[in-house]
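We're numbering straight along the sequence, starting at 1. Hydrogens, waters and symmetry mates are skipped; everything else that's a heavy atom, side chains included, is used.
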Amino acid sequence: MATVNNSGLVAHWLMDEIVDGQVADQMGSYPLSVSSGMNQSVSVTDGRFNKAIFIDKADQMIVTLPSMPQWTLIGWARPISFDEYGHLFSVLNNQLKFLIKVGNSSFNGGLLYAYATGEPASVVSGLNLALNVWNHYAITYDGTAIRFYVNTVEGIPAESANFGIPADTYVIGANLVSDVVVEDIQWFHDQRRLYNRALPLTEIIEHYNEESPYYIDGTIREDGLPQPRKVRLYSAESGNLLQEVTADVNGEYAFQLFEDSDKFVMAVPEAGRRPLVHGPVRAKQR
């Protein structure tokens with residue numbers, strides 16, 4: 001199993017469970033407190049790896065952190081709406097102090113950007129998170145420049161002395177300003193890590209390619225010919241879409257998993273054709 005460099009790792013939230021109103025930090029120091037608003041819908045569901053946390057509208061996860069002059073926030077997100085802004089990470093009740101969020105449909109839906117007190121205040125990455133699929137994101141700050149990555153593609157960096165993380169209480173999901181809910185979308189979160197250093201692109205790629213203990217692979221063929229189509233993985237238990245990949249020119253695909261429960265595999269059909277469905281399939285152990 002491939003591993004990543006955990007030097008400087010401050011917190012690692014697998015997003016696999018909610019126990020006693022908290023999501024565990026694997027490092028033991030900074031569990032996320034779950035706060036469900038009027039929809040009562042911070043919940044555990046099928047994820048990019050094993051399970052994920054789903055946040056619906058007026059809900060949030062909250063954590064109090066120390067200051068970090070340098071940092072990296074890295075993980076996976078799957079938004080399912082851009083009717084509002086969504087907060088990946090921001091100071092609770094003070095969105096003008098420090099925030100990282102994605103734009104709503106009227107602001108180039110899914111556009112990733114950051115804001116902090118000072119100049120330049122707002123930094124736009126030039127990168128978008130896509131709807132209804134898992135996006136790998138990384139935001140780094142080395143004390144001089146803030147950088148953005150989506151699926152290992154680097155966006156527009158910005159020189160700034162203002163993006164060190166201040167010691168404060170932070171929110172993931174809907175934010176509050178003067179105790180009023182603002183900027184809330186529906187989305188899933190999985191495998192989130194926070195480092196006290198700026199990871200280079202080589203390590204971000206290692207995170208993106210991180211292998212899990214289990215996998216499902218195969219080949220898509222039709223009439224004896226390989227099909228480089230999109231392939232989707234569904235939970236056999238819930239029927240939820242878990243992952244989507246594109247088979248290569250040889251029709252080969254692979255999904256990475258952290259558990260071995262039954263799944264269904266479906267090749268997305270061309271117009272006018274039936275989908276190719278295989279399963280239930282049990283994941284293999286590496």
Side-chain angles (χ1 to χ4, degrees), residues 1-16 25-27 30 32 47-50 52-53 63 65 68-79 86-90 98-103 110-116 123-130 133-160 162-165 170 172 187-213 215 243-246 248 254-258 286:
M1 176 179 172
T3 58
V4 297
N5 183 357
N6 284 331
S7 173
L9 183 61
V10 174
H12 180 195
W13 302 286
L14 294 179
M15 305 294 190
D16 282 351
D25 167 21
Q26 300 304 297
M27 304 302 291
Y30 301 104
L32 296 168
R48 173 67 175 83
F49 298 116
N50 197 15
I53 298 296
V63 63
L65 296 170
M68 280 174 268
Q70 300 184 27
W71 53 271
T72 296
L73 181 69
I74 189 166
W76 294 85
R78 181 160 75 94
H87 286 241
L88 270 176
F89 193 56
S90 62
F98 180 96
L99 67 84
I100 300 167
K101 64 181 180 179
V102 296
L111 185 66
L112 181 64
Y113 75 108
Y115 187 101
V123 175
V124 179
S125 70
L127 298 172
N128 289 70
L129 270 62
V133 297
W134 285 105
N135 301 262
H136 185 264
Y137 62 85
I139 304 96
T140 74
Y141 183 65
D142 62 4
T144 301
I146 186 168
R147 300 178 184 277
F148 305 85
Y149 304 84
V150 173
N151 298 326
T152 74
V153 175
E154 185 172 1
I156 303 167
E159 299 284 329
S160 174
N162 302 315
F163 279 98
I165 288 178
Y170 290 83
I172 302 165
W187 52 354
F188 300 81
H189 297 268
D190 205 354
Q191 285 291 319
R192 174 179 286 221
R193 291 176 171 98
L194 178 65
Y195 288 82
N196 63 9
R197 62 186 178 92
L199 270 59
L201 177 57
T202 52
E203 291 189 41
I204 291 169
I205 292 173
E206 288 176 358
H207 277 267
Y208 180 75
N209 291 324
E210 183 180 9
E211 292 183 349
S212 59
Y215 68 97
Q243 298 181 42
E244 181 180 272
V245 298
T246 301
D248 63 20
F255 295 100
Q256 299 182 54
L257 302 163
F258 276 87
R286 296 188 188 280

Give a yes or no on whether the ring-centroid distance for H207 and Y149 is below 6.0 angstrom. no

What pair of heavy atoms forms the shortest contact from A116 to F163, and how long is it? CB-CE2, 3.5 Å

Between R78 and R48, is there a side-chain heavy-atom distance shorter than 4.5 Å? no

Quick one: are N6 and R193 in side-chain contact, heavy atoms under 4.5 Å? yes

Indicate yes or no: at least one non-hydrogen side-chain atom of I53 is less than 4.5 angstrom from one of L32. no

H136 and W134: side-chain donor and acceptor closer than 3.5 Å? no

So, D25 side chain and W13 main chain: donor-acceptor pair closer than 3.5 Å or not? no

Heavy-atom nearest pair, L88 first then H189, reads CD2-CE1, 4.2 Å

What closest approach, in Å, do R147 and P157 show between heavy atoms, and which atom pair accounts for it? NH1-CB, 3.6 Å

Side-chain contact, heavy-atom cut-off 4.5 Å: M27 with V10? no

Distance (rounded to the nearest 0.5 Å) between H87 NE2 and Y170 OH: 13.5 Å

Working to the nearest 0.5 angstrom, can you tell me the gap between D142 CG and W71 CH2? 10.5 Å

Just verifying a value: how many Å separate M68 CE and Y141 OH, rounded to the nearest 0.5 Å? 13.5 Å

dist I100:CD1 -> Y137:OH (nearest 0.5 Å) comes out at 9.0 Å

Any side-chain heavy-atom pair of N128 and V150 under 4.5 Å: no

Kindly compute the distance separating CD (E154) from CZ (F148), expressed to the nearest 0.5 Å. 10.5 Å

Are L65 and F89 packed together at the side-chain level, in the sense that at least one heavy-atom pair is separated by less than 4.5 angstrom? yes

Nearest heavy atoms of L112 and V102, plus distance in Å: CD1-CG1, 4.0 Å

To the nearest 0.5 Å, tell me how far L14 CG sits from Q191 CD. 5.0 Å

Side chains of I146 and I139: closer than 4.5 Å at any heavy-atom pair? yes

For G155, does its backbone N or O pair with a side-chain atom of S125 as donor and acceptor, under 3.5 Å? no

Tell me the closest heavy-atom pair linking L99 and S90, and the distance in Å. CB-CB, 3.4 Å

Determine, step by step, whether L194 and I165 satisfy the side-chain contact (heavy atoms from CB on, under 4.5 Å) criterion, reporting the C-alpha distance in whole Å, the side-chain angles of both residues, the deciding distance to 0.1 Å, and the verdict. CA-CA 11 Å; L194 178 65; I165 288 178; 4.2 Å; yes

Non-hydrogen atoms of R197 and S7 that approach each other most closely: NE-O, 2.5 Å

Are any non-hydrogen side-chain atoms of Q26 and D16 less than 4.5 angstrom apart? no

Quick one: does D190's side chain have a donor or acceptor within less than 3.5 Å of a partner on F49's backbone? yes

